[in-house]
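Order of listing sets the numbers, starting from 1, for every ligand and every atom in it. When reading the values below, keep in mind they use all heavy atoms of this one structure, side chains included, and skip hydrogens, waters and symmetry mates. Computed from a predicted structure; not experimentally measured.
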Amino acid sequence: MDEHHNYHMSPDAFRKYGRMVIDFIADYYEQIETYPVLSRVKPGDIRNALPPAPPQKGEDLSQMLEDFRRQIMPGITHWQSPNFFAFFPSNTSGPSILGDLLSAGLGIQGMMWTTSPAATELETHVLDWLAEMLDLPQRFKSTGEGGGVLQDSASSATLVALLAAREKATQYQSNNQGLNRKLTVYTSTQGHSSIEKAVRIAGLGSAQLRHIEVDDAFAMRADSLWAQIRADKQKGLLPAMVAATVGTTSSNAMDPLEAIGDVCQAEDVWLHVDAAMSGTAAICPEFRTMHDGLHQADSYCFNPHKWMFTNFDADCFYVADRRALVQALSIHPEYLKNQASESGEVFDYRDWQIPLGRRFRALKLWFVIRHYGIEGLQHHIRKHVDLARQFARWVQEAADFELAAPVPLNLVTFRHKSGDTVNQKLLQMINDSGKAYLTHTVLDGQYTLRLSVGQAFTEYEHVQNVWRLIEAYAGRLR
Ligand SMILES: *Cc1c(COP(=O)(O)O)cnc(C)c1O
């Protein structure tokens with residue numbers, strides 16, 4: 001039969017177009033600085049350029065690539081630009097992209113060990129490697145009673161931690177709505193929004209989440225946490241989980257894990273530690289003090305898809321007692337039964353997450369770790385931290401600017417001293433210029449600019465350029 005009559009792309013055509021796509025990506029990285037960092041399209045521009053109806057007859061891939069360049073690229077904000085300083089890093093790398101391509105090519109579902117043993121075993125292995133690389137407590141390794149698993153995001157990690165904590169706190173009587181209404185969860189006023197989302201999804205309701213006050217450095221106050229837990233217990237409530245943060249989103253604040261862990265031990269509450277962005281820094285021994293006290297945590301997560309050259313999605317989630325997690329999340333329908341699972345000798349990661357199906361994400365991480373080696377990763381993390389510190393020094397030396405919070409790692413929060421309006425205008429001017437992209441937060445009630453360093457190709461010159469840009473625009477606002 002003529003290959004055009006089965007509609008599929010032939011292996012030869014795949015080879016040809018595959019090379020074109022790889023070439024496009026390589027060219028893109030070479031030219032990335034020629035694009036405005038923040039996309040300039042207006043709402044609706046992209047859709048208006050697209051044909052209203054899907055094609056009746058299949059089209060040629062070279063035409064699709066052409067349309068991709070013309071119609072899609074203008075609506076892209078260039079997260080991989082070295083001038084991207086917004087939100088948090090979301091860096092990627094050649095080895096990660098290629099590992100993910102292989103994963104797409106295999107097209108497997110790694111939901112259970114038996115559905116592709118290598119997917120499960122490589123994942124377990126790479127997560128144990130990472131536990132070593134970050135010097136995480138031994139209890140998080142699969143060789144003991146704990147273990148690591150890849151989630152799509154830190155949001156999912158927090159949610160599954162909360163589900164395990166909820167079930168543990170209610171003695172695994174999952175349908176006991178009466179008890180659910182008594183559960184309480186704790187995070188600081190700086191905790192990530194995903195914690196409140198998890199609380200709602202877990203059926204608790206936002207009113208059951210306590211936002212604990214923070215100190216001058218925006219870190220959770222353990223004494224206030226303790227007072228709140230005691231007060232809740234006195235009211236007959238059931239404290240279920242504390243979500244502490246290592247590196248908050250607004251200002252990179254580090255909650256004191258040692259003191260918080262002591263509270264959780266004393267009160268028998270699950271401690272989840274969210275180190276989504278900052279955790280990667282623990283690959284360098286000099287930054288590991290942020291994890292002091294982690295040995296008392298029940299679960300922990302960090303995102304290689306933020307600061308470890310691994311494309312979205314990849315969140316490493318660790319638990320100290322994997323039975324607590326599996327007990328909360330496993331359901332055994334007949335159609336999934338198999339010998340390997342029943343032998344108890346294997347991990348079935350479907351029981352460690354919300355969905356059943358799962359991507360082979362460990363491949364890209366394996367490629368990244370092997371390509372860079374520990375030394376390569378350390379080199380880049382140290383560079384990013386040095387660049388952020390250099391920027392912070394420029395802020396401190398400038399008469400019109402001030403730092404808004406300490407700079408423990410790669411995030412600088414700062415503001416012009418003339419107030420909110422000037423800072424808002426300044427941010428708008430920088431982002432409109434297309435030369436850099438920064439975002440903002442509010443700290444102590446004041447509009448604050450954030451410079452997050454961590455894209456793969458950000459060098460000294462890029463950070464210097466953005467500081468010069470900021471100073472120049474600030475001069476015009478005077
Ligand atoms: C980025 C971030 C999150 C959310 O991460 P996702 O993986 O996108 O869900 C949660 N907590 C902290 C501290 C973060 O930095």
Next item on the list: Consider ligand 1: state whether an atom of it lies below 4.0 angstrom from any non-hydrogen atom of Asp274.
Entry: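 Flag set, Asp274 near ligand 1.
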
Notebook entry, point to check: Does ligand 1 have any atom that is closer than 4.0 Å to a heavy atom of Asp315?
Noted result: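 For ligand 1, residue contact (heavy atoms, under 4.0 Å) with Asp315 is absent.
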
Starting from [atom], what is the nearest protein heavy atom, named by residue and atom, and what distance separates them?
{"atom": "atom 7 (O) of ligand 1", "answer": "Ala154 N, 2.7 Å"}
{"atom": "atom 9 (O) of ligand 1", "answer": "Ser155 OG, 2.5 Å"}
{"atom": "atom 15 (O) of ligand 1", "answer": "Lys306 NZ, 2.8 Å"}
{"atom": "atom 10 (C) of ligand 1", "answer": "His192 CG, 3.2 Å"}

Check: Relative to the heavy atoms of His305, which atoms of ligand 1 are at a distance of less than 4.0 Å?
Finding: 7 (O)

Next item on the list: Tell me yes or no: between the side chains of His291 and Tyr300, is some donor less than 3.5 Å from an acceptor?
Entry: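 The criterion, which ignores hydrogens and geometry beyond distance, is satisfied for Tyr300 and His291.
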
Notebook entry, point to check: Looking at Trp467 versus Phe401, is the centre-to-centre ring distance below 6.0 Å?
Noted result: yes

Note to self: What verdict does the side-chain hydrogen bond (donor to acceptor under 3.5 Å, both in side chains) test give for Trp352 and Gln151, after you've listed the backbone C-alpha separation in whole Å, the side-chain angles of each residue and the deciding distance to 0.1 Å?
What the structure shows: CA-CA 9 Å; Trp352 299 49; Gln151 303 282 340; over 6 Å; no

Checklist line | Steps toward ring-ring contact (aromatic ring centres under 6.0 Å, His included) verdict (Tyr28, His78) | finding: CA-CA 10 Å; Tyr28 174 62; His78 299 280; 5.6 Å; yes

Notebook entry, point to check: Is ligand 1 under 4.0 Å from a heavy atom in the side chain of Asp152, in the backbone, in both, or in neither?
Noted result: neither

Notebook entry, point to check: Under the side-chain hydrogen bond (donor to acceptor under 3.5 Å, both in side chains) criterion, do Gln390 and Asp386 qualify, and how do the steps go?
Noted result: CA-CA 6 Å; Gln390 174 59 62; Asp386 282 348; over 6 Å; no

